[in-house]
2 protein chains.
Amino acid sequence: MARRGSYAKGIAKREEILTVALDVIARTGYRRASVRELAEAVDLSQAGLLHYFTSKEELFQEILRKRDDVDLATYGGESVHPIDGLLGVISHNQEVPGLVQLYVQVSTDACDPEHPSHAFFVERYARIRDVFAQFVRAEQAAGRIDDDVDPERVAALFVAAADGLQTQWMLDPSIDMAQHMLHLWHLITRRV
Amino acid sequence: MARRGSYAKGIAKREEILTVALDVIARTGYRRASVRELAEAVDLSQAGLLHYFTSKEELFQEILRKRDDVDLATYGGESVHPIDGLLGVISHNQEVPGLVQLYVQVSTDACDPEHPSHAFFVERYARIRDVFAQFVRAEQAAGRIDDDVDPERVAALFVAAADGLQTQWMLDPSIDMAQHMLHLWHLITRRV
DNA sequence: GTCTATAGCATGATAGAC
DNA sequence: GTCTATCATGCTATAGAC
């Protein structure tokens, strides 16, 4: 809080950049994950933008982290059913192809163990699977999901389906990702 | 068959390049999808390699097409159960990370409508979904899958899960893609 | 048919003025 | 803090020798 003025300003500006970047990418779409292109989108020079981030990879990683934060704040929360939250995010994604494209591109690049954001995505996926598996277990305890459903596997499958549908949707935007995910949820929850 | 010698030679050499490329990528892995790197892997200069393909994109598209052909010939066929075939391919993929990496990277790039291989992947996914949906319908007719399962949606979901698991597997190779897909198939086929 | 050499472009990063 | 300018790199594609 009581940090030096210039430092606090830097932090604030960083946040502002991330927010604007998200907004611009959501509204105007996005081709390549290049610093130059993003810089002019947020009305800075390339050097000006990179002044706040140590590298291209950190920049885009932070944009995606911010996006997760915003999505969680918008579609998550105590009162909302986890599946509704997920479907909310996915429906929203269908309105922001640029963000989907950016995510797919960066997460794909980060699969290389040498990529600076590799650890970030490893942790992110592990965390999401964990939360989802926990939810499935709770549903099983409540008798709403059969016991022969494997929570960990279903969690990985659910996340995988959401990811994979993005590819198919980008290739053919007539595909409704949310509807498909809802159908998957029906498959998971139906009682034998 | 009875084409001019030089032309036939060109075709034959093209095929040989694709076969060797597949083999090398499968054995030694693959970092970036660059023509240079592949060229030295198949023991040609970059220019020598590009003599047989009009562009980088065509080259990698043809490698992936060839891979599909090989996979179909190896794990497909009349006598083999479609799910066994798919699981065979997926199990095999776990032995060839380089091919998985190449596929994910190229298919992601091709999501851009401007990408030269865009149409190839649009058609490929539509075809695979179609075949799978047809299979689900047959299973329904045989009474082995419930009628409230939507063949088209399940087809898209199955393919999506297979794709998405690749990302998770590359980030954490301890994940068994084939086991997960088998579990998904159980979810689809269990009777309510 | 295959090579060497190079053109031509896009990128990320940095130096230095203001 | 932000800019302009530039550097260094990596890439695809092509020209031209052999």
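Chain letters run A, B, ... following the sequence lines, proteins first and then strands; every chain starts at 1.
Within the structure, a side-chain polar atom (N or O) of B/R32 is placed less than 4.0 Å from OP1 or OP2 of D/dC11.
A donor-acceptor pair is defined here as one N or O able to donate and one able to accept, closer than 3.5 Å; such a pair exists between the side chain of B/R190 and the backbone of A/L187. One N or O on the side chain of A/D146 and one on the backbone of A/V192 form a donor-acceptor pair closer than 3.5 Å.
By the ring-ring contact (aromatic ring centres under 6.0 Å, His included) test, B/F60 pairs with no residue at all, sequence neighbours left out. Remark: B/F121 pairs with no residue by the ring-ring contact (aromatic ring centres under 6.0 Å, His included) rule, at least two apart or across chains.
Rounded to an integer number of Å, the gap from A/L59 CG to C/dA13 P is 10 Å. Straight-line distance from the CG atom of B/L50 to the C1' atom of C/dG1: 14 Å, rounded to whole Å. When the C1' atom of D/dG1 is taken as reference, atom CZ of A/R14 falls 15 Å away, rounded to whole Å. Rounded to an integer number of Å, the gap from NZ of B/K56 to P of D/dT14 is 15 Å. In this structure, A/I11 places its CD1 atom 15 Å from C1' of D/dG1, rounding to the nearest Å. Residue A/E57 contributes atom CD, which lies 12 Å from atom C1' of C/dT11 at whole-angstrom precision. In this structure, A/R31 atom CZ and C/dT11 atom P are separated by 11 Å, rounded to whole Å. Look at CD on B/E37: it is 15 Å from C1' on D/dT9, rounded to the nearest Å.
Of the candidates C/dG12, D/dC11, D/dG1, the closest approach to any side-chain atom of A/H51 belongs to D/dG1.
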For nucleotides 3-8 of chain D, list the nitrogen or oxygen atoms of the protein found under 3.5 Å from its nitrogen or oxygen atoms, one pair per line.
| from | atom 1 | to | atom 2 | distance (Å) |
| --- | --- | --- | --- | --- |
| D/dC3 | OP2 | A/S45 | N | 2.9 |
| D/dC3 | OP2 | A/S45 | OG | 3.1 |

Identify each atom pair where a protein N or O and an N or O of nucleotides 16-18 of chain C are less than 3.5 Å apart, giving names and distance.
none

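In this structure, a donor-acceptor pair under 3.5 Å is absent between the side chains of B/R137 and B/Q140. With hydrogens and angles left out, the side-chain atoms of B/Y125 and B/D163 include a donor and acceptor closer than 3.5 Å.
Applying the salt bridge (Lys or Arg N to Asp or Glu O under 4.0 Å) test to residues at least two apart or on different chains, the pairs with a partner in residues 20-43 of chain B are B/D23-B/R27.
Hydrophobic clustering, defined by side-chain heavy atoms of Ile, Leu, Val, Met, Phe, Trp and Tyr closer than 4.5 Å, groups B/V89 together with B/Y75.
When each of A/L87, A/D176, A/L86 is paired with A/M181, the side chain to side chain contact (heavy atoms under 4.5 Å, CB included) condition holds for A/L87 and for no other.
A/A33 comes within 4.0 angstrom of the backbone, heavy atoms only, and of no base.
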